[in-house]
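Take a look at the structure set out below.
Hydrogens, waters and symmetry mates are skipped; everything else that's a heavy atom, side chains included, is used.
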Amino acid sequence: QVQLVESGGGLVQAGGSLRLSCAASGRTFSSSVMGWFRQAPGKEREFVTAISRSGGSTYYADSVKGRFTISRDNAKNTVFLQMNSLKPEDTAVYYCAAGPGPAYSYNRETYNYWGQGTQVTVSS
């Protein structure tokens, strides 16, 4: 069992930055692929980024490539999402997720544990 708690969301102006954190409980964090998804009002939850168990491989949606960076600290059971050059279209609830992988899968069904989400709002 893995419990995930996101933090770091908020309101930021376009062009600004935010850093999201996801703290995981349980002893399976280091054996889990970790991902971030987001859901805007009236839209489907979509893949944002994922990181392999070791942190050696990362994957990004085209819409965030070059602006967002995922990282993890297995000693602290935490995954991070650094978001730079934010745009109004990045506004959404951001969810942390954990699963068995593979990390290169953008599919929501790859993940079996989800956090409660944190709101990110980017004003123009």
Side-chain angles (χ1 to χ4, degrees):
Q1 188 80 8
V2 177
Q3 292 184 325
L4 305 173
V5 179
E6 302 98 333
S7 61
L11 173 64
V12 64
Q13 288 188 331
S17 298
L18 281 175
R19 189 190 195 208
L20 305 184
S21 298
C22 173
S25 65
R27 294 181 290 178
T28 60
F29 178 81
S30 61
S31 63
S32 297
V33 167
M34 299 299 297
W36 289 94
F37 287 71
R38 66 186 182 187
Q39 188 167 16
K43 294 189 176 182
E44 294 286 321
R45 191 172 299 189
E46 64 175 3
F47 172 84
V48 176
T49 179
I51 189 166
S52 62
R53 296 169 185 80
S54 67
S57 296
T58 56
Y59 304 87
Y60 297 92
D62 288 343
S63 58
V64 307
K65 205 170 290 183
R67 300 188 297 121
F68 290 11
T69 303
I70 189 172
S71 60
R72 66 189 296 165
D73 185 338
N74 285 346
K76 296 183 178 179
N77 281 13
T78 304
V79 63
F80 305 97
L81 180 61
Q82 178 67 45
M83 304 185 295
N84 298 330
S85 302
L86 282 161
K87 304 175 181 180
E89 51 264 44
D90 294 318
T91 295
V93 177
Y94 282 71
Y95 296 90
C96 173
Y104 55 77
S105 171
Y106 290 18
N107 197 325
R108 288 171 51 183
E109 281 68 34
T110 299
Y111 298 88
N112 45 16
Y113 298 104
W114 294 83
Q116 82 288 350
T118 186
Q119 177 70 47
V120 171
T121 303
V122 184
S123 63
S124 56

Atom of S63, atom of R38 and distance for their closest heavy-atom approach: OG-NH2, 3.5 Å

Evaluate whether atom CD of E44 has more than 12 neighbouring non-hydrogen atoms of other residues, nucleotides or ligands under 6.0 angstrom away. no

Does Q3, at its CD atom, have more than 12 non-hydrogen atoms belonging to other residues, nucleotides or ligands within less than 6.0 Å? no

Can you name the nearest heavy-atom pair linking S85 to R67, along with the distance? O-NH1, 2.9 Å

Close side-chain approach of S21 to K76, heavy-atom, < 4.5 Å: no

Listed once per pair and sorted, the salt bridge (Lys or Arg N to Asp or Glu O under 4.0 Å) pairs that draw on residues 47-62, sequence neighbours left out: D62-K65

The criterion is side chain to side chain donor-acceptor pair (under 3.5 Å); which residues satisfy it with N74, sequence neighbours excluded? R72

Gap separating the CD atom of Q119 from the OG1 atom of T91, nearest 0.5 angstrom: 7.0 Å

Other hydrophobic cluster members with L18, side-chain heavy atoms of Ile/Leu/Val/Met/Phe/Trp/Tyr under 4.5 Å, chained? V2, L4, V12, L20, F29, M34, W36, V48, I51, Y60, V64, F68, I70, V79, L81, M83, L86, Y94, Y113, V120, V122

For S124 and A14, the nearest pair of non-hydrogen atoms, with its separation, is CA-CB, 4.4 Å

Donor-acceptor contact present, side-chain Q116 to main-chain V5, <3.5 Å: no

So V33 and Y111, do their side chains get closer than 4.5 Å, heavy atoms only? yes

Residue pair S32 / A98: nearest heavy atoms and the distance that separates them: CB-CB, 4.2 Å

Quick one: does Q82's side chain have a donor or acceptor within less than 3.5 Å of a partner on T69's backbone? no

NZ or CZ of R108 within 45° of F37 ring axis and under 6.0 Å: no

Would you say T49's side chain and Y59's backbone share a donor-acceptor pair under 3.5 angstrom? yes

Donor-acceptor pair, T110 side chain versus N107 backbone, under 3.5 Å? yes

From N77 atom CG to C22 atom SG, the distance as rounded to the nearest 0.5 Å: 10.0 Å

